[in-house]
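Below is one structure, written out as structure tokens, with a few remarks after it.
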Number of protein chains: 2
Amino acid sequence: MDKIVNEINPYLVKIFNEVLIIEENALKGSRFNDLSIKEMHTIEAIGMYGENTTSEVAKKTYVTVGTLTVSINNLVKKGYVERIRSEEDRRVVKLGLTKKGRLLYRLHDKFHRDMVKETLSDLSEEEAEILVKGLRNLHLFLDRTKNSL
Amino acid sequence: MDKIVNEINPYLVKIFNEVLIIEENALKGSRFNDLSIKEMHTIEAIGMYGENTTSEVAKKTYVTVGTLTVSINNLVKKGYVERIRSEEDRRVVKLGLTKKGRLLYRLHDKFHRDMVKETLSDLSEEEAEILVKGLRNLHLFLDRTKNSL
DNA sequence: AAAATTAGTTTGAACATCAAAATGTTTGAC
DNA sequence: GTCAAACATTTTGATGTTCAAACTAATTTT
């Protein structure tokens, strides 16, 4: 047991440390080089269907609504996001992606899917299911930890 | 194949997004609440044996040496890190952890190890090996992507 | 021994973040 | 119906992080 912990731990540490840097660099090398990885994840949280409010996106991205407002100002200025006042409740702002924003969303989604495909490349169906089980355990641990703080 | 990509992708996205937040909150709730998660990872990169230089730690943490110098100033002030001029080459600064820094290092390491243990909790030896294989693939994908930028 | 290189520090500008105050809208109590 | 409370968002001011570039000091090369 300890042996395998010693094997997995460094992979996880390296993966966590590197994935953000790598995504940031992938952005910098693309035509969307006016965005940071944080802005990319904000766009990811806004999603394709313009149904999320400012508060909801702030919650998803773990920042205060004040911080999100500033960030959305920049994303609107850069042409990725638009604000739409809700007609049912005029306090509420729905956030949506522009055409350019949706293009980027799909590109980033493809990056993630390619990453997962590579991860599964030489695994059988049954082995992939086991991987899912492990990731589910990890995810449950994190959620439990989050809620016990 | 597509079905399982659709299953794994959201787990990875959530895990990546949450792990930093959760570690940050775990720190805030501990006796080491004067540190951010970035500072924690700097301490992790400095390591237990005081053999790493400023440049090496900057490279590991993906920041410029200037940024690291500022960060190390704070960690020295807070009592976690000490600078030791190298005697062989007096331009070089070796970074080491104080007693307090080493205590924190071990605590953080335990957090990681507990996380991995939970991930493996209901997996057999063979299943754990399959998980390692998947993580190795993911890690190789990230390294390949990094080097092709 | 002068010039070039290297390791690290300092500085100034840009940006991210939060908490708290401010603005505009809706809901509920009377 | 009106007024107070609650709510969603924005604005503001302070703090912290980051980078690039200028700088200092030590070493290596020529």
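Just so we're on the same page: letters track the sequence lines, and every chain starts at 1.
Using modelled atom types, no side-chain atom of B:S71 and backbone atom of B:T67 make a donor-acceptor pair closer than 3.5 Å. A donor-acceptor pair under 3.5 Å is formed between the side chain of A:T42 and the backbone N or O of A:K38.
The side chain of B:T64 places an N or O atom within less than 4.0 Å of a non-bridging phosphate oxygen (OP1 or OP2) of D:dC19. Proximity of A:K38 to the phosphate of C:dC15: no side-chain N or O atom is located under 4.0 Å from OP1 or OP2.
When rounded to the nearest whole Å, the span between CG of A:N74 and P of C:dC15 equals 8 Å. Spacing between atom CG of B:L35 and atom C1' of D:dG16 amounts to 14 Å, rounded to whole angstrom units. In this structure, B:Y62 places its OH atom 13 Å from P of D:dC19, rounding to the nearest Å. Straight-line distance from the CD atom of B:E82 to the C1' atom of C:dG8: 18 Å, rounded to whole Å. Across the protein-nucleic acid pair, B:I37 atom CD1 and D:dG16 atom P stand 18 Å apart, rounded to whole Å. When the P atom of D:dT18 is taken as reference, atom CD of A:E39 falls 16 Å away, rounded to whole Å. In this structure, the CD atom of B:E87 is 18 Å from the P atom of D:dA25, given to the nearest Å. Remark: C1' of C:dT17 and CD of B:E24 are 11 Å apart, rounded to the nearest angstrom.
With respect to A:K94 and A:E82, no salt bridge is recorded, no charged nitrogen being found less than 4.0 Å from a carboxylate O. With salt bridges taken as basic N to acidic carboxylate O contacts below 4.0 Å, none links A:K60 and A:E44.
Minimum interatomic distance between A:L142 and B:M115 (heavy atoms only, all atoms of both residues): CD2-SD, 4.1 Å.
B:V70 and B:M40 sit in two unconnected hydrophobic clusters of ILVMFWY residues. Membership requires side-chain heavy atoms under 4.5 Å apart, directly or through other members.
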Treat primed atoms plus P, OP1 and OP2 as sugar-phosphate and everything else as base, then score nucleotides 1-14 of chain D 5' to 3': B for base contact with protein heavy atoms under 4.0 Å, S for sugar-phosphate contact only, - for none.
------BSBBB---
